[in-house]
Each structure stands twice: as C-alpha cells, then as structure tokens.
Colleague: 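Before I ask anything, let me first share the structure, which is written out below as structure tokens.
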Amino acid sequence: IKLAGQAMNTDTEGSGEAIERLNSYRKERTETTPVFIKTKIIDDQERDTEEIELPEDIEGTIVSYTETASANENGVINDYTLSLDCYGSFDRMYAEILGRKQLHGEVYIQLRKQESAVSMGGFIFRKPKNKIKGFEDITLSLSGQETALHSLKKSAGYIISYDDKKITDIQAMENICTMNNLFFSTDVTGKQLPETVERQEGAFTFQSNVSFLEILEKLAGVQGHNLYTSEGIVYYRQDKTGNDMVLGRSPVAPCEGMDYEQNDIYKSRIYVIGKAAENSTEYKRGDKLVGIWRSKAIEKEIGYDVFSKEDESLTDWDMIEKEGNKLWKRFNGRPYIIRFNIEDAVDYLSKIKLFNTFQWLDSEYSFLHEKRFMITGYTKEVGMSDCTATITGVMI
C-alpha cells in the first residue's frame, strides 16, 4: 500500500461567508491529500466450486396465524412479527424446514367471504419447531419478522456519514435502503442536512455498531414523520388526512373490550437545544439555540415537570420551533389512547396497519365521539373458524 498526494485546491468555487471560511481553513491546515493506490492479497488456499441449487418451495396449511406490530413514541416502527402453526407432508415439509437455519416465506390467508387467498407479506422465519399433542397431532410452529425490518435491524458494520455531503434527509434514507436492497417510498419533500461546525463531528456520522433502523430513525427525526415497513418496502410518510375505516361503540362498527386511557406523559415545560449552523443577526455559528415551551396551567396542576432534548442536527430557529411543537403535541396534545377488540375482523384485516387512521364513534362520550385516531399497535389473530384483532390508537 502506497500513499501519495498533491496540494488540495483551496479555491472552492462559489462565494459567501461559508466558502471564504472553508478556503481559509484549508490554506492554514491542508498540505496534501492521501490517495490509496493499490493493494495485493496473496491467498494460496484451494477451493472446490460447484453449482448451488436453491431448495424448492415448501407448502403447508395454516392452522393459526398471529401478526403483531407496534411503533414507538417518535412514530418509528419497532416490531412487526408473525407466528403461525401449520401442518403438511411429514416426509418433506417437516424434515426440510427443521434442517434449515432460516426461511423466507410469504404467507397467504383466505378468509370466509373471500374468493381467493390474500398475501400478508414476506417474513424471515428462524428456529422452526415441532409441536406434538398426540400420536398423529403434529404441527410446525414458525416465528418470523417482516423482511425489510429484519434487514434494517442489523448493524451497519462500518462507519456511515452523511455530514457535509450536501444531500437531503430523503436522499440519505434512500441510500440506506439501497444498501439493503430495499424499495423506499415517501411523500415527504427532502430537506438538506446541516453542515458541521469545524473541528467537530457532525450529527449524521454513525458508528459501525449502529443498526440501519437507528440511522433511519435519526434521519426521520429531521422532519418527524412516520417510518415503517410493509411487504418488503420501507415507508416514510406524513400523517394521513383521511380515515381508513370507522370503528367504535356502535352497531355500525361494533367493537368490544374498550379501554379509554388518558395520556399520562404530560410535561409542564419542554426545552429543545440545538446548535447554529450559520451566522445570523441573532446568533453566531456554533452557538447554542434554546427553545422553551411552558404552560402555567399544566405546571400548576402537575408541578415542575421538564423534558429536555439536545440535538446538534437542529441548526436554526425554524427547526427548533418545529421540534418543540412536535414534542409538545406528543406529551400534551394527544390526551387519549384507545385499546379495543374486534371480534369479527374479516372486513378490517387488510386495513389494520401501522399509522392507518380511523374515526371513533361513541355518542356517550362527546370528547371521543367522531374523533380521529392513528394506529400505533395491533395484533391480528386468524384461526380455522375465527378472525379477531386488538388495536391501540392515539388521538390525532
């Protein structure tokens, strides 16, 4: 390995204070830029080569199916898993599945009233096991994770940096998905990531032990929309403006086992602390920017209860204000959480997804009646004769 270099050009094209500062910095500190020439690897190990035949598809009949998904307070998916019991050919299905370390399977469900089976998406299944209740009562139990989420939860393995690349948050998210060979879908307009302060590590440099999902969550925090996966696709989308379904304590949309719960995370004050990226009439580059949200009424009731967030990726007052308003809404502006069951969920199964919305009907409680909620968690269970669901929704 040889290193060679030449003087770096210090006359960056463009004008303005940022360009002048960059040229001055390089003239004072930069002499040469190293260049990687070549390397040679000597490996005398002999290897056998042969064609690999992929295994054939394995089919079975599903006896029971349970799908669970949830999101965290920041609007980011943290769980999307599936468990199922099935049975099939003893001489092929059981032996072949138990002999594999990992399976990629697409699950199809055909409910009553439906003419054909519907795909529930792809999942990565690991640790298959047999469940034997009797001499001939044998089923295969599989537990898996949605394919895109499975990929994103892996560690990056090397340092990834988007600092000073002059790209937007959306472009960086697309890049992460491309690394994992995943499709990316969004309705959000990209916002350019802020430049770093000299001699300081930027907010968008990620170490090798950080997962791809954590990187995406950090990038999603720039604008604060919803990040989730479904059917092998990564989505970053704004809150829906319409309703996907109507539910409630009503003959029109019968639900059972309802729990109405007040949001118990009120804060009387919120501090948002960022760092200025450029000079202005109010501050200098590198100065701390502190935004404060306060409610005397809430403070009188619950006392001095503070939430503080410090994030150097917040680089101007607009970003500080937007983040503070989002946090205020999260803690104090979403007062109710609803949990309930749908005993016959056949007509709702395809609509019960993370961040889908529903209108809630309950004429007995005016503060909830006809209000809109967003799904932040659910469980769907399908058996041989029934189909039920449990939903958690947050008022929006």
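These figures come from a predicted structure and were not determined experimentally. Residue numbers start at 1 and run along the sequence shown.
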Colleague: State yes or no: do I62 and L98 share one hydrophobic cluster built from I, L, V, M, F, W and Y residues joined by side-chain heavy-atom distances below 4.5 Å, directly or via other members?
Modeller: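 Yes: a chain of side-chain contacts under 4.5 Å links I62 to L98.
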
Colleague: List the steps and the verdict of side chain to side chain contact (heavy atoms under 4.5 Å, CB included) for E214 and F206.
Modeller: CA-CA 9 Å; E214 290 175 293; F206 306 96; over 6 Å; no

Colleague: Does atom CG of N181 have more than 12 heavy-atom neighbours, drawn from other residues, nucleotides or ligands, at distances under 6.0 Å?
Modeller: no

Colleague: Side-chain heavy atoms nearer than 4.5 Å, only ILVMFWY residues, links allowed to pass through others: does that put V210 and I159 together?
Modeller: no

Colleague: Please check if the number of heavy atoms outside Q102 that lie under 6.0 Å from its CD is greater than 12.
Modeller: yes

Colleague: In Å and rounded to the nearest 0.5 Å, what is the CD1 to CG distance from I270 to N332?
Modeller: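 Atom-to-atom, I270:CD1 and N332:CG are 5.5 Å apart.
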
Colleague: Does R372 use its side chain to pair, donor to acceptor, with the backbone of G242 at less than 3.5 Å?
Modeller: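 Confirmed, R372 side chain pairs with G242 backbone.
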
Colleague: Please say yes or no: joined through hydrophobic side-chain contacts below 4.5 Å, possibly via intermediate residues, are V272 and Y304 part of one cluster?
Modeller: no

Colleague: Mind checking the CE-CD1 spacing from M395 to I337? Nearest 0.5 Å is all I need.
Modeller: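 Answer rounded to 0.5 Å: 10.5 Å.
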
Colleague: How about F183: does its CZ atom have over 12 heavy atoms from other parts shown lying under 6.0 Å from it?
Modeller: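 No, because the 6.0 Å sphere around CZ of F183 holds 12 heavy atoms or fewer from other groups.
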
Colleague: When you compare the side chain of I352 with that of M245, does any pair of heavy atoms fall below 4.5 Å?
Modeller: yes

Colleague: For a quick test of reading the model, state the closest non-hydrogen atom pair linking M319 to K191 and the distance between them.
Modeller: CG-NZ, 3.3 Å

Colleague: Can any side-chain N or O of K288 pair as donor or acceptor with the backbone N or O of I273 at less than 3.5 Å?
Modeller: no

Colleague: Quick one about Y108 and Q110 (side-chain donor to acceptor, distance below 3.5 Å, no hydrogens or angles considered), yes or no?
Modeller: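 No, no side-chain donor-acceptor pair sits under 3.5 Å.
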
Colleague: Check step by step if side chain to side chain contact (heavy atoms under 4.5 Å, CB included) holds for Q145 and T229.
Modeller: CA-CA 11 Å; Q145 189 173 62; T229 66; over 6 Å; no

Colleague: So which heavy atom on V382 is nearest to which on C387, and how close?
Modeller: CG2-SG, 4.0 Å

Colleague: Between D163 and T205, is there a donor-acceptor pair closer than 3.5 Å when you use the side chain of the first and the backbone of the second?
Modeller: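 Yes; at least one donor-acceptor contact below 3.5 Å.
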
Colleague: side-chain contact (heavy atoms from CB on, under 4.5 Å) with K131: which of T139, L140, V63?
Modeller: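 Only match with K131 under side-chain contact (heavy atoms from CB on, under 4.5 Å): T139.
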
Colleague: Would you say that more than 12 heavy atoms from the other residues, nucleotides or ligands in this model lie under 6.0 Å from the NZ of K351, or not?
Modeller: no

Colleague: Any salt bridge linking E299 with K296? Criterion: basic side-chain nitrogen under 4.0 Å from a carboxylate oxygen.
Modeller: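 No, no charged N to carboxylate O under 4.0 Å.
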
Colleague: What about F355 and Y235, are their ring centers closer than 6.0 Å?
Modeller: no

Colleague: Any donor-acceptor pair under 3.5 Å linking the side chain of E146 with the backbone of G232?
Modeller: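 Yes; judged by distance alone, with no hydrogens or angles, the pair exists.
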
Colleague: Can you check whether G221's main-chain N or O pairs, donor with acceptor, with N74's side chain at less than 3.5 Å?
Modeller: no

Colleague: Would you say the side chain of Y348 lies within less than 4.5 Å of the side chain of I391, judging by non-hydrogen atoms?
Modeller: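 Answer no - side chains too far apart.
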
Colleague: Can you check side chain to side chain contact (heavy atoms under 4.5 Å, CB included) on N279 and K284, steps first, answer last?
Modeller: CA-CA 4 Å; N279 294 335; K284 294 182 179 180; 3.7 Å; yes

Colleague: Any donor-acceptor pair under 3.5 Å linking the side chain of H369 with the backbone of D362?
Modeller: yes

Colleague: Is F367 reachable from M374 through a run of I, L, V, M, F, W or Y residues, each pair having side-chain heavy atoms under 4.5 Å apart?
Modeller: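 Same hydrophobic cluster.
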
Colleague: Look at the side chain of N325 and the backbone N and O of E321, then say whether any donor-acceptor pair between them is shorter than 3.5 Å.
Modeller: yes

Colleague: Are L111 and V118 close enough that some pair of their side-chain heavy atoms sits under 4.5 Å apart?
Modeller: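 A side-chain contact is absent here, since even the closest heavy-atom pair is not under 4.5 Å.
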
Colleague: How about L327 and K309: do any of their side-chain heavy atoms sit closer than 4.5 Å?
Modeller: yes

Colleague: Check whether any side-chain N or O of Q223 sits under 3.5 Å from a backbone N or O of Q238 as a donor-acceptor pair, and report yes or no.
Modeller: no

Colleague: Do the ring planes of Y378 and Y80 sit parallel (below 30°), tilted (30 to 60°) or perpendicular (above 60°)?
Modeller: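 Taking Y80 first and then Y378, their aromatic rings stand perpendicular (interplane angle over 60°).
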
Colleague: Between N180 and S151, which heavy-atom pair has the shortest distance, and what is it?
Modeller: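 That closest heavy-atom pairing would be OD1-O, 3.7 Å.
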
Colleague: Which atoms form the tightest heavy-atom contact between P254 and I342, and what is the distance?
Modeller: O-CG2, 4.5 Å

Colleague: Ignoring hydrogens and angles, state whether a donor on the side chain of D305 or S268 is under 3.5 Å from an acceptor on the partner side chain.
Modeller: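 The answer is no; no qualifying pair exists.
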
Colleague: Is it the case that over 12 heavy atoms from other parts of the model lie below 6.0 angstrom from the OH atom of Y283?
Modeller: yes

Colleague: Mind checking the CE-NZ spacing from M120 to K380? Nearest 0.5 Å is all I need.
Modeller: 4.5 Å

Colleague: Considering the options V222, I167, D169, which one meets the side-chain contact (heavy atoms from CB on, under 4.5 Å) requirement together with F204?
Modeller: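 With F204 as partner, side-chain contact (heavy atoms from CB on, under 4.5 Å) holds for just one option, V222.
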
Colleague: Measure the spacing between CD1 of I170 and OG1 of T189 and express it to the nearest 0.5 Å.
Modeller: 8.0 Å

Colleague: Parallel, tilted or perpendicular: which fits the ring planes of F125 and F123, with parallel below 30° and perpendicular above 60°?
Modeller: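 F125 vs F123 ring planes: tilted.
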
Colleague: If we only count heavy atoms from C-beta on, is the E301 to Y266 side-chain gap below 4.5 Å?
Modeller: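 No. Closest side-chain heavy atoms not under 4.5 Å.
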
Colleague: Determine the minimum heavy-atom distance between L354 and A71, stating which atoms define it.
Modeller: CD2-N, 4.2 Å

Colleague: Identify which one of Y260, F358, F373 satisfies the ring-ring contact (aromatic ring centres under 6.0 Å, His included) criterion when paired with F340.
Modeller: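 That would be F358.
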
Colleague: Can you find a pair of side-chain heavy atoms, one from W360 and one from K371, that are under 4.5 Å apart?
Modeller: no

Colleague: Is I320 reachable from W328 through a run of I, L, V, M, F, W or Y residues, each pair having side-chain heavy atoms under 4.5 Å apart?
Modeller: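 Shared cluster, yes.
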
Colleague: Quick check: does any side chain N or O of Y236 sit under 3.5 Å from a backbone N or O of A220, one acting as donor and the other as acceptor?
Modeller: yes

Colleague: Return yes when atom CD of E343 has more than 12 non-hydrogen atoms of other residues, nucleotides or ligands closer than 6.0 Å, and no otherwise.
Modeller: yes

Colleague: Tell me the closest heavy-atom pair linking L314 and E323, and the distance in Å.
Modeller: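 Smallest interatomic distance, heavy atoms only, reads CD1-CG, 4.0 Å.
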
Colleague: Would you compute the distance between atom OG1 of T61 and atom CG of D85 and round it to the nearest 0.5 angstrom?
Modeller: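 That separation rounds to 12.5 Å.
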
Colleague: Drop me the distance from I160's CD1 to I215's CD1, to the nearest 0.5 angstrom.
Modeller: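 That separation rounds to 4.0 Å.
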
Colleague: I'd like to check S211 versus K153 (side-chain heavy atoms, cut-off strictly below 4.5 Å). Are they in contact?
Modeller: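 No - every pair of side-chain heavy atoms lies 4.5 Å or more apart.
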
Colleague: Do the side chain of T392 and the main chain of T376 share a donor and acceptor less than 3.5 angstrom apart?
Modeller: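 Checking the backbone N and O of T376 against the side chain of T392, no donor-acceptor pair under 3.5 Å is found.
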
Colleague: Quick one, M258 and I338 - any side-chain contact, counting heavy atoms below 4.5 Å?
Modeller: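 Heavy-atom side-chain distance check fails, nothing below 4.5 Å.
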
Colleague: Quick one: do K353 and Y228 satisfy side chain to side chain contact (heavy atoms under 4.5 Å, CB included)? Show the steps, please.
Modeller: CA-CA 10 Å; K353 296 182 178 180; Y228 58 100; over 6 Å; no

